[in-house]
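Report on the structure given below.
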Number of protein chains: 2
Amino acid sequence: MKTIELLEGALPADRVRRDEATRRAHAHDYWAFEAIHDVAGHPAEPPPAVVFPQSTAEVSTILEIADAQRTAIVPYGLGSGVCGAVRPGADALVVDLSRMAALLDVNAEAATARVQAGLGGSECERLLQERGFTLGHFPQSIAVSSVGGWVATRASGQLSTRYGNIEDMVLALEVVLPGGRVLRTFPAPRAATGPDLRQLVLGSEGTLGIVTEIDFKLWPRPAVQAGFAARLASWEDGLEVTRELLQAGWRPAVLRLYDGIEAQRNFNPWFPERDPLLLVRSEGSEAMRGALDLELAAARDACRRRGGEDLGDEPLEHWLGQRNHVPSWDELLGKGLVVDTIEVSATWDRIGALHRRVTGAIEAVPGVLVASGHTSHGYTSGVNIYFTFVGSATEEKEQKRIYTAAWGAAMEATIECGGSIAHHHGIGRVRRDYLPREIGEVGIEVLRSVKKALDPRGIMNPGVQL
Amino acid sequence: MKTIELLEGALPADRVRRDEATRRAHAHDYWAFEAIHDVAGHPAEPPPAVVFPQSTAEVSTILEIADAQRTAIVPYGLGSGVCGAVRPGADALVVDLSRMAALLDVNAEAATARVQAGLGGSECERLLQERGFTLGHFPQSIAVSSVGGWVATRASGQLSTRYGNIEDMVLALEVVLPGGRVLRTFPAPRAATGPDLRQLVLGSEGTLGIVTEIDFKLWPRPAVQAGFAARLASWEDGLEVTRELLQAGWRPAVLRLYDGIEAQRNFNPWFPERDPLLLVRSEGSEAMRGALDLELAAARDACRRRGGEDLGDEPLEHWLGQRNHVPSWDELLGKGLVVDTIEVSATWDRIGALHRRVTGAIEAVPGVLVASGHTSHGYTSGVNIYFTFVGSATEEKEQKRIYTAAWGAAMEATIECGGSIAHHHGIGRVRRDYLPREIGEVGIEVLRSVKKALDPRGIMNPGVQL
């Protein structure tokens with residue numbers, strides 16, 4: 001491919017790699033559907049080369065050459081995406097940001113930090129905590145995902161109810177556009193200077209450009225962390241407790257409601273039966289200790305008023321110890337299990353029916369053993385549900401049928417119940433066909449016209465979202 | 001104009017008005033610069049007609065016809081904008097949304113409401129409070145501004161530190177695009193479904209389409225409201241108190257720091273000398289009463305530790321009684337005073353120098369009597385400053401010179417100090433020339449290309465922002 005030669009000529013040595021292992025390692029992200037292909041011995045075709053830029057200027061050079069050559073480019077952080085946004089195939093080049101992984105600056109007075117997009121999540125948090133801060137973003141994938149990936153997918157962390165989602169944390173960002181132009185948004189605490197350009201990039205999944213740097217807003221490293229678990233009489237009681245607390249104005253860092261199936265599966269010592277479980281954890285500065293105590297007291301009281309049973313903090317500690325475990329699709333498939341998670345959201349008036357309908361619809365798929373869910377990100381207006389399904393099949397074809405049917409059932413039921421199809425994993429390829437149902441044909445037209453305006457030759461991650 | 005006839009033919013009777021009074025009333029918004037022209041007897045040329053649609057379908061018809069005819073359209077809420085975003089001239093038609101002013105629905109369970117864009121701010125809040133809710137958006141202009149205008153300008157209310165800015169309140173919106181297509185974003189509590197299309201519309205100042213409906217997130221009507229005022233030894237002390245409280249995680253609804261000039265001018269009974277004044281007010285649900293008490297105690301303690309003097313709640317009550325007063329430019333000009341406000345923002349490390357430099361730069365303009373400022377919207381990363389300048393001149397030419405020079409001095413000093421040029425009033429015409437300095441040439445190119453993608457014939461509010 002001529003583009004590869006041009007890149008090798010334009011970039012310093014060792015930036016372009018064509019070896020088999022590197023190419024294979026970048027053939028797809030962590031989409032479970034690809035794992036089915038891999039385990040069956042039919043892996044996705046790898047890209048012809050992977051480019052490892054070490055600066056924004058190098059990313060700019062790459063996108064200048066690729067645009068001129070009309071060569072498709074697939075940005076790659078640490079590859080932990082679960083929606084199929086990375087699948088270059090034989091015609092696209094992968095740009096791997098992992099060599100751009102520096103913490104560039106911490107502004108202690110403004111509580112902000114500038115980082116490069118390839119920085120790993122755990123390392124970012126470690127560096128910030130060393131300096132007395134936290135970003136407050138703790139996705140399950142923190143050990144295997146990059147800060148740039150968080151921006152590109154519009155990620156959420158487990159403490160989002162306290163600290164917000166990724167869009168609440170980004171003060172400014174730098175993104176390289178096709179052709180090589182560098183857009184840097186202004187690091188204003190808040191501004192009314194036209195449409196918010198950050199928001200074009202957040203959630204764009206590499207379809208508009210490559211995020212290279214991010215200015216994050218920080219919080220002081222928490223001095224207070226405390227919580228409890230409660231057994232509730234019903235899932236509906238748990239939803240009401242959650243809604244009541246959030247609409248009253250409380251913002252516990254953790255407010256997770258597991259349905260009976262998930263409580264029994266993940267908290268078996270305390271949940272031999274299928275009762276719903278609520279985890280609550282408050283955290284914040286020393287100055288807020290008293291207010292955080294009141295927050296937990298309010299949560300305990302809300303549970304008690306609905307007949308909940310306080311289980312102390314042991315189930316919470318158990319969860320804290322496991323919360324960053326990322327399941328191995330290969331291992332599960334090796335056991336004949338087809339597993340995936342599907343996160344959606346809905347307003348409070350719709351969420352109860354949605355949970356019943358989605359789990360029911362998934363379980364009606366032949367081959368599915370069980371479907372379950374928990375809430376993990378709450379708002380005044382509603383909440384997400386993070387569904388998990390488990391199917392049983394040993395043959396590739398059957399595994400793919402179950403996988404596709406379970407996703408289809410979940411998406412259709414979510415749409416019918418008035419829910420939003422994606423809370424925080426993005427669209428990628430797995431949800432692409434359902435996006436028009438959420439944002440409408442006009443929404444799709446608007447996204448397409450914005451895409452065409454910024455990426456007229458369509459080189460950025462084709463096949464994703466639109 | 002042929003477009004007017006086409007509109008009269010396509011819309012029900014009485015939608016199109018060509019009478020002199022209506023046209024003159026829509027010749028411009030509340031930009032102080034236009035008041036200079038008006039008072040001098042040189043008013044802006046009025047539009048040839050004003051259209052008053054009564055439904056989204058009618059707005060769609062208007063933008064279909066206008067687009068086909070390539071006739072410029074200027075959306076108009078209640079005309080309280082202060083940056084010159086409304087100045088149709090003889091070639092553009094004004095679309096006045098004031099007949100689309102209904103509260104369409106309140107969802108008590110999800111704490112959301114759907115309203116039409118022309119609804120007045122005070123009326124919106126009154127209707128919501130009757131139902132037990134608050135939007136939490138209280139701009140000084142609340143009595144004279146519309147909810148659609150808030151969205152279009154990316155507005156902030158006086159209680160933003162507690163309730164957020166307008167972009168935090170919009171669950172979903174409906175906007176009619178040139179050609180008549182209707183985009184309705186999905187009312188998700190939160191979603192990761194590609195770029196956030198709401199954010200293209202928020203702050204677009206009518207340059208991309210006409211906002212017709214908004215789904216707002218609500219809060220329970222507050223049960224607790226309490227606060228105090230403090231005299232501080234220095235402006236820097238006040239900034240430090242504000243920063244400390246916000247970075248610790250407190251979110252008082254009101255946290256306003258006045259410099260000595262403004263304290264003396266607006267709170268003279270308590271501030272015969274030019275000492276800085278901090279106003280603090282907490283509010284929220286009955287459930288949070290204890291936590292709000294702690295918030296106020298923390299604020300009092302922070303003031304005391306820096307030698308501040310607690311003045312009780314009288315100055316706060318005084319402010320609450322006056323806070324929605326909108327100055328009359330005409331009256332001031334009649335007294336020979338050229339007055340305007342300029343709101344900017346900056347991160348904490350830059351805000352102290354910015355206040356000094358901007359007030360100094362404005363006061364160096366010949367004819368300016370005084371420049372002063374207060375903070376009113378705080379964040380972990382920084383804060384806004386709302387500057388006021390007063391100049392003295394009786395002649396139109398001199399008034400315009402002072403006005404333009406004061407704005408120029410403020411913008412230049414803000415940019416030099418690393419501040420953002422607009423916190424919550426928008427760009428309009430008054431800041432248009434400075435926007436490239438904030439978002440860069442690439443930012444301007446991106447905005448232009450998005451504009452061209454959504455409004456290829458350039459009919460939406462030409463001359464604003466870009």
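Any value given below was found using the heavy atoms of this structure, including those in side chains, with hydrogens, waters and symmetry copies removed. If you're wondering where the values come from, they're calculated on a predicted model, not measured in any experiment. Every chain is numbered from 1, with letters handed out A, B, ... down the list of sequences.
- When heavy atoms are compared at a cutoff of 4.5 Å, A:Asp196 approaches chain B by way of both its backbone and its side chain.
- Contact annotation for A:Leu200: both backbone and side-chain heavy atoms come within less than 4.5 Å of a heavy atom of chain B.
- With a threshold of 4.5 angstrom between heavy atoms, A:Arg350 does not approach chain B through any atom at all.
- Heavy atoms closer than 4.5 Å to chain B are found in the backbone of A:Val383, but not in its side chain.
- Of the atoms belonging to B:Arg431, not a single heavy atom falls under 4.5 Å from chain A.
- The heavy-atom pair separating A:Leu354 from A:Ala346 by the smallest distance is CD1-CB, 3.8 Å.
- Atoms OG1 and OH, on A:Thr414 and A:Tyr434 in that order, are 10.5 Å from each other to the nearest 0.5 Å.
- For chain B, the nearby part of A:Ala155 is the backbone; its heavy atoms alone come within less than 4.5 Å.
- Judged purely by atom type and a 3.5 angstrom limit, B:Asn384 uses its side chain to pair as donor or acceptor with the backbone of B:His377.
- Heavy atoms closer than 4.5 Å to chain A are found in both the backbone and the side chain of B:Arg190.
- Taking CG of A:Leu296 as the start and CD of A:Glu283 as the end, the distance is 11.0 Å to the nearest 0.5 Å.
- With values rounded to the nearest 0.5 angstrom, B:Thr112 atom OG1 is found 6.5 Å from B:Leu218 atom CG.
- At a 4.5 Å heavy-atom cutoff, the contact between A:Leu183 and chain B is made by backbone and side-chain atoms alike.
- Proximity to chain B (any heavy atom under 4.5 Å) is restricted, for A:Ala108, to the backbone atoms N, CA, C and O.
- Without hydrogens or angle criteria, A:Trp219 side chain to A:Ala111 main chain gives no donor-acceptor distance under 3.5 Å.
- Across A:Gly378, A:Gly419, A:Ala191, A:Gly382, the residue that shares the most heavy-atom pairs under 4.5 angstrom with chain B is A:Ala191.
- For A:Leu177, the part lying under 4.5 angstrom from a heavy atom of chain B is the side chain only.
- Of the residues considered (B:Thr193, B:Leu447, B:Leu294), B:Thr193 shows the highest number of contacts with chain A, using heavy-atom pairs under 4.5 Å.
- Of all heavy-atom pairs between A:Trp250 and A:Ala298, the closest is NE1-CB, 3.5 Å.
- Put simply, of B:Ser285, B:Gly440, B:Ala422, B:Gly249, the one with the most heavy-atom pairs under 4.5 Å next to chain A is B:Ala422.
- Counting all heavy atoms, side chain and backbone alike, A:Thr242 lies closest to A:Trp348 at CG2-CH2, 3.7 Å.
- The candidate from A:His425, A:Arg448, A:His424 with the greatest count of non-hydrogen atom pairs under 4.5 Å with chain B is A:His424.
- Ranked by heavy-atom pairs shorter than 4.5 Å toward chain A, the options B:Ala291, B:Ala152, B:Ser345, B:Pro187 are led by B:Ser345.
- Taken to the nearest 0.5 Å, the CD atom of B:Glu343 stands 10.0 Å off from the CD1 atom of B:Ile421.
- For the set A:Lys217, A:Arg181, A:Glu438, the entry with the most heavy-atom pairs within less than 4.5 Å of chain B is A:Glu438.
- For the set A:Ser156, A:Ser381, A:Ser449, the entry with the most heavy-atom pairs within less than 4.5 Å of chain B is A:Ser381.
- Residue A:Gly428 comes nearest to A:Glu205 through the heavy atom pair N-OE1, 2.9 Å, listed as atom of the first residue, atom of the second, then distance.
- Only the side chain of A:Leu171 comes within less than 4.5 Å of a heavy atom of chain B; its backbone N, CA, C and O stay farther away.
- The distance from the CZ atom of B:Phe216 to the CD1 atom of B:Ile166 is 4.0 Å, given to the nearest 0.5 Å.
- Counting only heavy atoms from C-beta outward, the side chains of A:Met169 and A:Leu135 approach each other to under 4.5 Å.
- For a residue to count as touching a neighbouring chain, one of its non-hydrogen atoms must lie under 4.5 Å from one of that chain's; by this rule A:Val464 does not touch chain B.
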Begin with the C-alpha distance, continue with both residues' side-chain angles, and end with the deciding distance and a verdict on side chain to side chain contact (heavy atoms under 4.5 Å, CB included) for A:Leu466 and A:Thr207.
CA-CA 9 Å; A:Leu466 294 173; A:Thr207 63; over 6 Å; no

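- Contact of B:Leu202 with chain A is made through the backbone alone, with heavy-atom distances under 4.5 Å.
- For a residue to count as touching a neighbouring chain, one of its non-hydrogen atoms must lie under 4.5 Å from one of that chain's; by this rule A:Leu246 touches chain B with the backbone only.
- Residue contact with chain A, scored on non-hydrogen atoms closer than 4.5 Å, involves the backbone and the side chain of B:Asp349 alike.
- Only the side chain of A:Gln465 comes within less than 4.5 Å of a heavy atom of chain B; its backbone N, CA, C and O stay farther away.
- Expressed to the nearest 0.5 Å, how far CG of B:Leu239 lies from OG1 of B:Thr375 amounts to 7.0 Å.
- Nearest heavy atom pair, residue B:Ile444 against residue B:Pro436, reads CG1-CA, 3.7 Å.
- Top candidate by heavy-atom pairs under 4.5 Å with chain B, chosen from A:Leu435, A:Val450, A:Thr380, is A:Thr380.
- Counting heavy-atom pairs closer than 4.5 Å to chain A, the top residue among B:Arg251, B:Glu295, B:Arg198, B:Glu167 is B:Glu167.
- Each of B:Val182, B:Leu245, B:Val201 has some count of heavy-atom pairs under 4.5 Å with chain A, and the biggest count is that of B:Val182.
- Of all heavy-atom pairs between A:Thr347 and B:Ala110, the closest is CB-CB, 3.8 Å.
- Looking at A:Thr153, only its backbone comes within 4.5 Å of chain B, counting heavy atoms on both sides.
- Interface check for chain B: of the options A:Glu445, A:Glu244, A:Glu286, A:Arg162, the most heavy-atom pairs under 4.5 Å are formed by A:Glu445.
- Ranked by non-hydrogen atom pairs under 4.5 Å with chain A, the options B:Gly194, B:Ala188, B:Ala453, B:Ala287 are led by B:Gly194.
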